[in-house]
Amino acid sequence: MRDKPASTDFIRQRILEDLKSGRFGGRVHTRFPPEPNGYLHIGHAKSICLNFGVAEEFGGLCNLRFDDTDPTKESREFVEAIKEDIRWLGFDWGDREYYASDYFEQLYEWAVQLIKAGKAYVDSQSLEEIRQNRGTITEPGKESPYRNRSVEENLDLFERMRKGEFPDGAHVLRAKIDMASKHLILRDPIMYRIRHVRHYRQGDKWCIYPMYDFAHGQSDSIERITHSLCTLEFENNRPLYDWYLDQLGIYHPQQIEFARLNLTYTVMSKRRLAALVEEGLVDGWDDPRMPTLRGLRRRGYTPEAIRNFCARIGVTKYDALTDIALLEHCLREDLNKRAPRVMAVLHPLRVVIENYPEGQVEELEAINNPEDPSAGTRKVPFSRVLYIEREDFMEEPPKKFYRLAPGREVRLRYAYFIRCTDVVKDARTGEVVELRCTYDPATRGGDAPDGRKVKATIHWVSAAHALSAEVRLYDHLFTIRDTGDIPEDEDWRNYLNPNSRQILKNCPVEPSLRAAKPGAHYQFERIGYFCVDPDSTAETPVFNRAVTLRDTWAKIQKQMQASGGA
RNA sequence: UGCCCGGUGGUGUAACGGUAGCACGAGUGACUCUGGAUCACUUAGUCUAGGUUCGAAUCCUAGCCGGGCAACCA
């Protein structure tokens, strides 16, 4: 057992009760049932962790089943991508990989059974008529004029639908329930529609396809699922699933609904995610700004961080909006323990150590990960000309800034104390282009024998030895905290964050990064956690910023601004 | 307007008729060769009104607020 949930949620409590009462003979069998029409996102991860987690905790099993009942949208590519993402997250469905489309024949027989029982009929109204006659939220619907066709006629029509004798939309098979029901879902729901479309797995075998509602519950029944866990929006449909199962007289799983995941500053709907990709608003499904599993993976998220996040958010029926800061916290927590530290400069400022011998190079020892002694050490080259972070120097420092400033001494991490002696500016623009400094040879390694202290330690990269990298900085995809608050009549695209990605070129990074492999995680000291992007080449590594380090200085700056200070 | 579901600090979540707790965030301090990490402390909550009860976040009723449902999508 791993990723133990923080506490026992209402679903696990109910499973515990069923176990106690022996309701399912002591079995626990769940399933994760995606439709292969898109890529998985962090919201799916919640469901995956729940379904696989519950099975594992109770010594049960979890199936992977593709609910592929709409051939117009589904494809094999999505199936493969989904499997890859689930495996990456760390879950295994063994040989229990199922497809609703493999149940089509059984589903057809069940439909025939309902027709014979007078519980289903072929309706020949147009799409528009069906819609009209469904009634409204307050008024009952009208019964179809075809509702009382004989069993024989229905059987004949349905068989001919299957044979392909009718064009799309000519007929549908409907359950005969109650056109006046207060549950709209029970107003003679459609069971089958005609679609002369090739199915990615079944080929041209079928031209009628069952609706999700007529397939889902029975699929769970076939697989003898005990607890069908799904999201809240299917709560309305449960009476219908129950109706089918009961009319058919087959094994009846227990459906339990939970709230789907909503995250601040992003969107989770398949429709919007697809639009982002199709309209080129992002680079693709794996764009590091996307909440998709492949986007998060490329961004630098680890399966462990995501699973831990899913364990922490819990499972409830409350339609919550989870702060993305919690996700970020989970990543930092994971990477802090594991990511090797390196020095990289995002906005370089040239520093010349005037009293350091020209041409001399020293290899200084640096700790790879202070949180993990077994990570060992490495050598970092030091020489006369270095780059430091522009932000680490201020010509007129405010009181709480204690990095480099004219006349001030700081420590170069793992190297020497240096003092800024002069500031070189561009004659025209006045921009600081170079710092002249002196170093104290006695402080080699970073400690002063005389016990002298410095207030700050800054990172650096030797100019002559630096590797030039591309660094991609990411921020929230949207500017609005709750994208669900965007009014219907307004274009949600207006809330995209124009600064969600910033690309930095020619960033000096330490030479050890030459060996960096795509997917590897690093902490750029004092900056954040980064992940090597697949776009990297032998000459130019590319790094994605997964998440920043906590930045106390940034907070102080914000406070000073807010209080009108310097 | 009908039906279904839900409301606990800023956010997420516990407490199952008996001391409202945990985490994230925010704030303060300690420590520090990462203004990182770590540690300590602080902040702040039961939607409202009735009722049942010795006792209610929990049970009941009403109201208020939020979400879902009228695809031949899932």
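Residue numbers start from 1 in every chain, and the chains themselves are labelled A, B, ... in the order their sequence lines are given, proteins ahead of strands. Bear in mind that the values here come from a model prediction, so they are computed numbers and not experimental data.
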*At under 4.0 Å, does any side-chain N or O of A:Thr136 touch on OP1 or OP2 of B:A70?*
no

*Hey, is NZ on A:Lys317 packed in by over 12 heavy atoms from elsewhere, all under 6.0 Å?*
yes

*Selection from B:G35, B:C73, B:U13 that lies nearest to any side-chain heavy atom of A:Arg195*: B:C73

*Looking for any heavy atom pair under 4.0 Å, which part of the strands does A:Asp447 touch: base, sugar-phosphate only, or nothing?*
base

*Reckon A:Gln523 touches a base, only the sugar-phosphate, or nothing at all at heavy-atom distances under 4.0 Å?*
base

*Among B:C69, B:G12, B:G35, find the nucleotide with the atom closest to the side chain of A:Asn236.*
B:C69

*Could you tell me whether A:Glu257 contacts a base, only the sugar-phosphate backbone, or nothing, with contacts defined as non-hydrogen atoms closer than 4.0 Å?*
nothing

*Could you check whether A:Lys270 gets within reach of a base, just the sugar-phosphate, or nothing at all, counting any heavy atom under 4.0 Å?*
nothing

*Would you mind classifying the nucleic acid contact of A:Gln125 as base, sugar-phosphate or nothing, using non-hydrogen atoms under 4.0 angstrom?*
base

*Base versus backbone protein contacts along nucleotides 17-28 of chain B [heavy-atom cut-off under 4.0 Å; B, S, -]*: ------SS-SS-

*NA contact type, A:Leu321, heavy-atom cut-off 4.0 Å: base, sugar-phosphate, or nothing?*
sugar-phosphate

*A:Ile137 side chain: which of B:G68, B:U34, B:A70 is closest?*
B:A70

_Over all strands shown, is A:Thr264 touching base, sugar-phosphate only, or nothing at heavy-atom distances under 4.0 angstrom?_
nothing

_Under 4.0 Å, heavy atoms only, any strand: does A:Pro239 hit a base, just the sugar-phosphate, or nothing?_
nothing

*asked:* Mind checking if A:Arg403 touches a base, just sugar-phosphate, or nothing, with heavy atoms under 4.0 Å?
replied: base

*asked:* The side chain of A:His183 is closest to which nucleotide in this list: B:G35, B:A71, B:C3?
replied: B:C3

*Yes or no on salt bridge (Lys or Arg N to Asp or Glu O under 4.0 Å) for A:Arg312 and A:Glu333, after CA distance, side-chain angles and deciding distance?*
CA-CA 13 Å; A:Arg312 287 200 197 203; A:Glu333 189 178 58; 2.9 Å; yes

*Which part of the nucleic acid, if any, lies within contact of A:Phe417, taking any heavy atom under 4.0 Å across all strands shown: a base, the sugar-phosphate backbone alone, or nothing?*
nothing

_By nearest atom, which of the nucleotides B:U34, B:A14, B:G36 is closest to the A:Arg413 side chain?_
B:U34

_Please classify the nucleic acid contact of A:Arg174 as base, sugar-phosphate, or nothing, using heavy-atom distances under 4.0 Å._
nothing

_Could you tell me the Watson-Crick or G-U partner of B:G55, where both distances fall under 3.5 Å? Say none if there is no partner._
none

*Look at the side chain of A:Tyr318 and the base of B:G66, then say whether one donor and one acceptor between them are separated by less than 3.5 Å.*
no

*Can you sort out the partners of A:Thr483 under side-chain hydrogen bond (donor to acceptor under 3.5 Å, both in side chains), two or more places apart, ordered by chain and number?*
none

*Does any donor-acceptor pair link the side chain of A:Gln13 with the base of B:C16 at a separation under 3.5 Å?*
yes

*With a non-hydrogen cut-off below 4.0 angstrom, is A:Glu235 in contact with a base, only sugar-phosphate, or nothing?*
sugar-phosphate

*B:A23 to B:U8 separation - C1' atoms, rounded to the nearest Å*: 15 Å

*Which of the following nucleotides, B:G36, B:C72, B:G2, is nearest to the side chain of A:Asn336?*
B:G36

*Nearest of B:C72, B:A74, B:U34 to any side-chain atom of A:Asp70?*
B:A74

*Nucleotide nearest A:Tyr212 (side chain, heavy atoms from C-beta), chosen from B:C72, B:G36, B:A74*: B:A74

